[in-house]
Amino acid sequence: MISVRRRGSARLAAAVLASGLVAAGAIATAAPAVADDTVPFEGGVTATLNGLEVFDDAVITHKDGKKQKVGAGLFGMTVNGGGSLQTYCIDIANPTQKKAQYEEKSWDQTSLHNNADAGKIRWILQNSYPQVNDLAALAEAAGAGSLTEKTAAAGTQVAIWRYSDQANVEAKNPEAEKLADYLEKSAQNLEEPKASLILDPPAVSGKPGDRLGPIKVQTNAESATVEPGAAAADVKVVDKNGQPVTSVANGGELFFDVPTDTPAGSTSLNVKATTKVEVGRAFASPTKSQTQILAGSSESTVTATATAEWAKTGAVPAVSATENCTKGGVDVTASNEGDEPFTFELGGQKHTIEAGKSETVTLPVKEDQAYKFTITGPNGFEKTFEGVLDCETVGTDEGPVPSSEPSPATAGGSGDEAGDADSDTPAGEGDLAETGSSSATPVIAGVAFALVLAGGATVFLLRRKKAATAGE
């Protein structure tokens, strides 16, 4: 996850986890707090995790022969701004965190980036519950006697885990296991689904008197509304013909029209739409809560923001950043539409972008590592990027299987060894380990605390690594 704070933000210091901080560029020291003007992520849906809602039992068999009973099924999320989502887990051994925030992501920004079977997971999602809600027909196709919502969800989740985590896992219910086997054997590779909303690029720059852009809109919604942010007088959001824009469709282009006599400054625009997110979109959390994949969506609110910088002379930079799991780091893209070079520091190295040029630099970041870096420039330009790189699954043999919540809505109870795996206790009662939920005394991987040093020094936050799951 990347969040960005622009000029005028409180100059808070870096968020850091136990695995370390990547501090690149100019890290600001503490200053009197002012209201944060936070630029959202690249675009799409943001949502709050409600917990595991429709589930039954499954059993993981580890390499050492030990067995662990887990809850397998559908999670629910509430979309920020309106709407609801249903998701399955694609990181079996990583716990969820209570009310964790999630963001819509492309596959290359998650553990699916190097998974040759990612398309098969999407096929399973499209051909099983809840997309196929005729449970009798689903059972017949799978050669199962009968399926309930719980066993259908469990069988679907088990099949997904076999491709997302290469886990040795089986559904406890025989009919759910038949469904899992059927889905695993039948799955075919499908293409990655399209994003609900993206603005490309998310940052532009130029000189007064020019139209700054274009910013291309990519969305699966029929149309989206366009709302200008706070700006200098007379700065407008227009189309390629210079006409003011209040709505835009997929493929549309947006520009900032900055009058010639406008002093150096910056502004933003917001694009918002209501649409169903496509099945198979990934969702990741900055709190190290397990990665999810979309199984169903109501009509939901999707948003995106783009920014603009302008000045009459000198360097006029635009900077954006996105996590790149393939390269193992954060791609920082800097462009310069001014008439002088733009020089900035990243990862202890200086980079110079000549006038009229653009360059992408990858800042290496270790798996599970928190990073925060600030890039500064002329005319008060300042952008801070922060997040945690989460590109790999934990693996069921790399650490303890996660514990659970005590309530059925968010899980079922404590984890079990092989002796309890054959228990007849119903899901949601007694001993059931939810894949994903932290315990009543959770070890929250996203926990951080500030160490404020005298004299306005940098603030560091500590975070546990993903493998340090509940139970420690």
Side-chain angles (χ1 to χ4, degrees), residues 44-45 47 49-50 52-56 58 71-77 79 83-92 96 102-113 115-135 137-139 141-142 144 147-167 169 171 176-196 220 275-285 290-300 302 393 435-436:
V45 163
L49 183 71
N50 300 326
L52 192 59
E53 296 181 340
V54 183
F55 61 97
D56 199 56
L74 276 169
F75 287 82
M77 292 191 190
V79 175
S84 60
L85 308 176
Q86 290 178 305
T87 60
Y88 285 107
C89 160
I90 53 172
D91 193 356
I92 189 172
T96 58
Y102 278 80
E103 298 175 349
E104 181 182 346
K105 295 286 186 178
S106 61
W107 288 356
D108 64 5
Q109 293 176 295
T110 71
S111 57
L112 296 177
H113 76 281
N115 190 329
D117 294 321
K120 292 182 179 180
I121 296 173
R122 190 186 183 199
W123 186 96
I124 291 170
L125 293 165
Q126 290 186 338
N127 291 274
S128 192
Y129 181 76
Q131 289 300 308
V132 177
N133 55 19
D134 185 340
L135 297 182
L138 186 60
L147 292 167
T148 65
E149 289 183 345
K150 288 184 176 181
T151 55
T156 306
Q157 176 66 92
V158 166
I160 290 171
W161 278 332
R162 292 173 182 174
Y163 283 124
S164 64
D165 295 75
Q166 291 74 51
V169 58
E177 176 62 16
K178 289 179 182 178
L179 174 61
D181 289 343
Y182 159 72
L183 294 171
E184 180 186 11
K185 293 175 183 177
S186 303
Q188 303 172 30
N189 261 313
L190 302 180
E191 292 184 357
E192 180 177 358
K194 295 180 180 179
S196 61
N220 67 349
T275 186
K276 287 187 177 181
V277 186
E278 290 193 23
V279 169
R281 289 294 288 174
F283 281 79
S285 172
Q290 68 183 203
T291 306
Q292 305 274 316
I293 193 163
L294 189 70
S297 168
S298 71
E299 291 288 322
S300 298
V302 297
T393 57
T435 66

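The figures here come from the full heavy-atom set of this structure, side chains too, leaving out hydrogens, waters and symmetry mates. Each residue takes its place number in the sequence, starting with 1.
- K120 is linked by a side-chain contact (heavy atoms from CB on, under 4.5 Å) to D117, Y163, A187, N189, counting only residues two or more places apart in sequence or in another chain.
- Residue S164 holds its OG atom at 7.0 Å from CD of Q157, rounded to the nearest 0.5 Å.
- Considering all non-hydrogen atoms of both residues, G71 and F55 come closest at CA-CD1, 4.4 Å.
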- May I have the step-by-step check of side-chain contact (heavy atoms from CB on, under 4.5 Å) for N115 and Q166, ending in yes or no? CA-CA 10 Å; N115 190 329; Q166 291 74 51; 4.1 Å; yes

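- Of all non-hydrogen atoms in P193 and E278, the two that sit nearest each other are CB-OE1, 3.5 Å.
- With sequence neighbours left out, the side-chain hydrogen bond (donor to acceptor under 3.5 Å, both in side chains) criterion links Q109 to E42, S106, T322.
- Taking N133 as the reference, nothing meets the side-chain contact (heavy atoms from CB on, under 4.5 Å) condition, with sequence neighbours excluded.
- In terms of heavy atoms, S300 sits closest to L85 at OG-CD2, 4.1 Å.
- With sequence neighbours left out, R281 forms a salt bridge (charged side-chain N to carboxylate O under 4.0 Å, His left out) with E104, E192.
- Contact detail for N220 and T275: the closest heavy-atom pair is OD1-OG1, 3.1 Å.
- In this view, R162 and E177, D181, E184 satisfy the side-chain hydrogen bond (donor to acceptor under 3.5 Å, both in side chains) rule, not counting sequence neighbours.
- Under the rule for a side-chain hydrogen bond (donor to acceptor under 3.5 Å, both in side chains), the partners of T87 that lie at least two apart in sequence or sit in another chain are Q292.
- In this structure, a donor-acceptor pair under 3.5 Å is absent between the side chains of D91 and T291.
- To the nearest 0.5 Å, atom OG1 of residue T151 and atom CG of residue L179 are 8.0 Å apart.
- Summarising the geometry of A152 relative to L135, their closest heavy-atom pair is CB-CD2, 3.8 Å, with the distance given to 0.1 Å.
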- Query: Yes or no on side-chain contact (heavy atoms from CB on, under 4.5 Å) for F283 and V45, after CA distance, side-chain angles and deciding distance?
  - Reply: CA-CA 9 Å; F283 281 79; V45 163; 3.7 Å; yes

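- In this structure, D56 contributes its side chain and G73 its backbone to no donor-acceptor pair below 3.5 Å.
- A distance of 6.0 Å separates CD1 in I160 from CD1 in I124, rounded to the nearest 0.5 Å.
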- Message: Using the rule given for side-chain contact (heavy atoms from CB on, under 4.5 Å), can you reason through I293 versus T110, listing the C-alpha separation, both sets of side-chain angles and the distance that settles it, and then say yes or no?
- Response: CA-CA 10 Å; I293 193 163; T110 71; over 6 Å; no

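- Here the CG atom belonging to L183 is positioned 12.0 Å from the CD1 atom belonging to I121, to the nearest 0.5 angstrom.
- Taking CG of N127 as the reference point, atom CD of Q188 lies at 8.5 Å (rounded to 0.5 Å).
- The main-chain N or O of Q131 is never found under 3.5 Å from a side-chain atom of Q126 such that the two would form a donor-acceptor pair.
- Remark: A295 engages L74, Y88, L125, P130 in a side-chain contact (heavy atoms from CB on, under 4.5 Å) (not counting sequence neighbours).
- Heavy atoms only, all atoms of each residue included: G280 and W107 are closest at O-NE1, 2.9 Å.
- A search for side-chain contact (heavy atoms from CB on, under 4.5 Å) contacts involving S186 returns W123, Y182, not counting sequence neighbours.
- Between atom OG of residue S196 and atom NZ of residue K276 there is a gap of 14.0 Å, rounded to the nearest 0.5 Å.
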